Amino acid sequence: MTAPEPTSSATKDPRVAEQLALLQRGVHDLISLGELEASLLRSLKTGKPLRVKLGVDPTSASLHLGFTLGLRKLRQFQDLGHQAVLIIGDATAMVGDPTGRNKARPRLDAATVDANARHYLDQACRILQRDKLEVRHNGEWLKALDFNRFIELASRSTVARMLERDDFQKRWKEGTPIQLHEFLYPLLQGQDSVAVEADVELGGRDQLFNLLVGRDLQQQNGQVPQVCMTTPLLLGLDGVRKMSKSHDNHIGIDENADEIMLKVMRINDGMLRDWMILLTRFDVTRIEQLLDAGTNPRDAKLELGRAIVADYHGADAADAAAEGWLRRVSRKETDESVQDLVFPAAWKDQDMAALDVLMHTGWFASKGDARRQLEQKAVNFGTKRLSGHQARVVLRGGEILRVGRQHTVKVAFS
RNA sequence: GGGGAGAUACCGAAGCGGUCAAACGGGACAGACUGUAAAUCUGUUGGCAUUAGCCUUCGAAGGUUCGAAUCCUUCUCUCCCCA
């Protein structure tokens, strides 16, 4: 995390200073501060809002918190009266951004991209102000590139320049294939900046290279090169790697309130500061207070979870989720809000093999899997802990069935 | 165009004719411990079966053999070196 740099002494206008203070929070790279100041000042003088671009490739069906850093930053620009331009990379999604990959992204077909794009936009608008948002699909101009223009674009960079990149270099050394079209990706993204005449482009820190290409292309097209602003990479739930679907360490913004709360509570304490800076509007004093040795990290985390849930489900849901977590996880109380799981009516009051009951839940990939849970004393039924794969139970209705930390339901009948 | 190397379970990686459902590490899951975590310790980690055991898996398809992840043939994909 980069601490906010002091704004340069050249800043005379207090309104610019104010905008900068907000915009610099949770920013990793800023190319450059001076240019951003100048742009903000120019915008104030002319009354023309800055065009701030953020590109997302609809490569999967849903967004996770990692993606929201850029969206949140974009929202800040919106709040300051600037023009947010969200690029849906329907064309680039089919190329596949090589950034940070250790292998080529699978290329997607048009129908999938299309479906994803719609869903993305929906989710992005939970953070952005929809009515003030300009949404563009880059297929609009990229798919219209003719052969000459395309070759010209490809001539704007060199193989050596591409190979300088960490991700490519790693793949090269490891002997993982790099496909030719992957080299084109940064150029295409840069072309987007030209097409929408971006003043500022946002992206994750691993996108810096791509963002910088945009500057070059704009300059070659007689435009003022965009300011590049990157957000840090949000660490995933494992606390080691960046949040990513493929690492399965993500929190999806369409997950329900309790799930989000549960996951937030399980991040390790060391990640608290970053997450609060990046995912909440807590001011600095608040954050310091929550991180103070006198505060139980659990309570700080609960605040964080509440703030995150509130963004996507509202304040009431956030309070309920926090309460629920305290009851269920912290105090291990069973409560009324546990969901019913319906069993066949014929099973009522019957002496059953616990194994069959577990298989009915659909939580386990195989009987062996369920058997293991029983052997490992992971299964609680009512007030009893079951033990051994031959355990038997009698379902009467209303009992709480809990397996490990993941699953809790209340027994019901059809 | 020429020469070499390789494809093993979720991932990395051993194994090179039987003792292989396949070492080891990571991940994941469970239990103990805790402030929710993390760390640590313990256990589990193809399917079916109460045990014995049976079934399916080692890039794909064929073949050799009593027996193949291990040998042969063809195919697919990848990497490296030289042009």
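Every chain is numbered from 1 and lettered A, B, ... according to where its sequence line falls, protein lines coming before strand lines. Quick caveat, the model's predicted, so the values are computed rather than measured.
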Quiz item: To the nearest Å, how far apart are Arg273(A) CZ and A38(B) C1'?
Solution: 18 Å
Quiz item: Can Arg371(A) and Glu375(A) be counted as an ion pair, charged N to O under 4.0 angstrom?
Solution: no
Quiz item: His389(A) side chain: which of A37(B), U50(B), G31(B) is closest?
Solution: U50(B)
Exercise. Round to the nearest Å and state the distance from Gln179(A) atom CD to C79(B) atom P.
Key: 9 Å
Quiz item: Does A30(B) pair with anything, Watson-Crick or G-U wobble, both distances under 3.5 Å, and if so, with which nucleotide?
Solution: U42(B)
Practice problem: Taking only the side-chain heavy atoms of Asn268(A) (C-beta and beyond), determine which of A38(B), U50(B), G47(B) contains the nearest atom. | Solution: A38(B)
Self-check item: salt_bridge(Asp269(A), Arg298(A)) N-O dist < 4.0 Å
Solution: no
Practice problem: Please determine, for the side chain of Arg385(A), which listed nucleotide (C80(B), U50(B), G31(B)) has the closest atom? | Solution: G31(B)
Self-check item: Nearest to side-chain heavy atoms of Arg372(A), which nucleotide of U45(B), U36(B), A49(B)
Solution: U45(B)
Quiz item: With respect to the phosphate group of A49(B), does any side-chain polar atom (N or O) of Lys367(A) fall under 4.0 Å of OP1 or OP2?
Solution: yes
Quiz item: With rounding to whole Å, what would you report as the distance between C10(B) and U65(B) at their C1' atoms?
Solution: 34 Å
Quiz item: When the distance from CG of Leu235(A) to P of A37(B) is rounded to whole Å, what number comes out?
Solution: 19 Å
Quiz prompt | Phosphate OP1/OP2 of G46(B): any Ser366(A) side-chain N/O under 4.0 Å | solution = no
Exercise. Using Watson-Crick or G-U wobble geometry with both distances below 3.5 Å, tell me the partner of C20(B), or none.
Key: none
Self-check item: C1' gap between C82(B) and C75(B), integer Å
Solution: 26 Å
Practice problem: Name the closest nucleotide to the Pro177(A) side chain, picking from C80(B), U78(B), U45(B). | Solution: U78(B)
Quiz item: When you measure from the side chain of Asn296(A), which nucleotide among U45(B), G35(B), A37(B) comes out closest?
Solution: G35(B)
Practice problem: Quote, to the nearest angstrom, the C1' distance that separates A28(B) from G62(B). | Solution: 38 Å
Quiz item: If you measure from the P atom in C20(B) to the same atom in U34(B), how many Å do you get, rounded?
Solution: 41 Å
Quiz item: Should we count CD of Glu134(A) as having more than 12 external heavy atoms under 6.0 Å?
Solution: yes
Quiz prompt | Nucleotide G31(B), atom P - distance to CD of Glu375(A) in whole Å | solution = 14 Å
Quiz item: Considering only side-chain heavy atoms of Ala378(A), which listed nucleotide, U36(B), C48(B), G31(B), is closest?
Solution: G31(B)
Quiz prompt | Atom CZ of Phe282(A) with >12 non-hydrogen neighbours under 6.0 angstrom | solution = yes
Self-check item: U78(B) - base-pair partner by Watson-Crick or wobble geometry, distances under 3.5 Å
Solution: A5(B)
Exercise. Would you mind classifying the nucleic acid contact of Lys377(A) as base, sugar-phosphate or nothing, using non-hydrogen atoms under 4.0 angstrom?
Key: sugar-phosphate
Exercise. Among the candidates C48(B), U36(B), A49(B), find the nucleotide nearest to the side-chain atoms of Arg371(A).
Key: A49(B)
Practice problem: State which of G47(B), C80(B), G35(B) makes the closest approach to the side chain of Asp269(A). | Solution: G35(B)
Exercise. Could you give the distance separating A32(B) and U76(B) at their C1' atoms, to the nearest angstrom?
Key: 50 Å
Practice problem: Can you figure out which of A37(B), C48(B), C29(B) approaches the side chain of Gln376(A) most closely? | Solution: C29(B)
Quiz item: Using the C1' atom in both, what is the distance from G26(B) to A9(B), to the nearest Å?
Solution: 14 Å
Practice problem: Measure up the His407(A) and Trp363(A) rings against each other and bin them: parallel (under 30°), tilted (30 to 60°), perpendicular (over 60°). | Solution: parallel
Quiz item: Roughly, in whole Å, what's the span from CZ in Phe364(A) to P in C48(B)?
Solution: 13 Å
Practice problem: Determine which nucleotide pairs with C54(B), using a 3.5 Å limit on both distances of a Watson-Crick or G-U wobble pair. | Solution: G47(B)
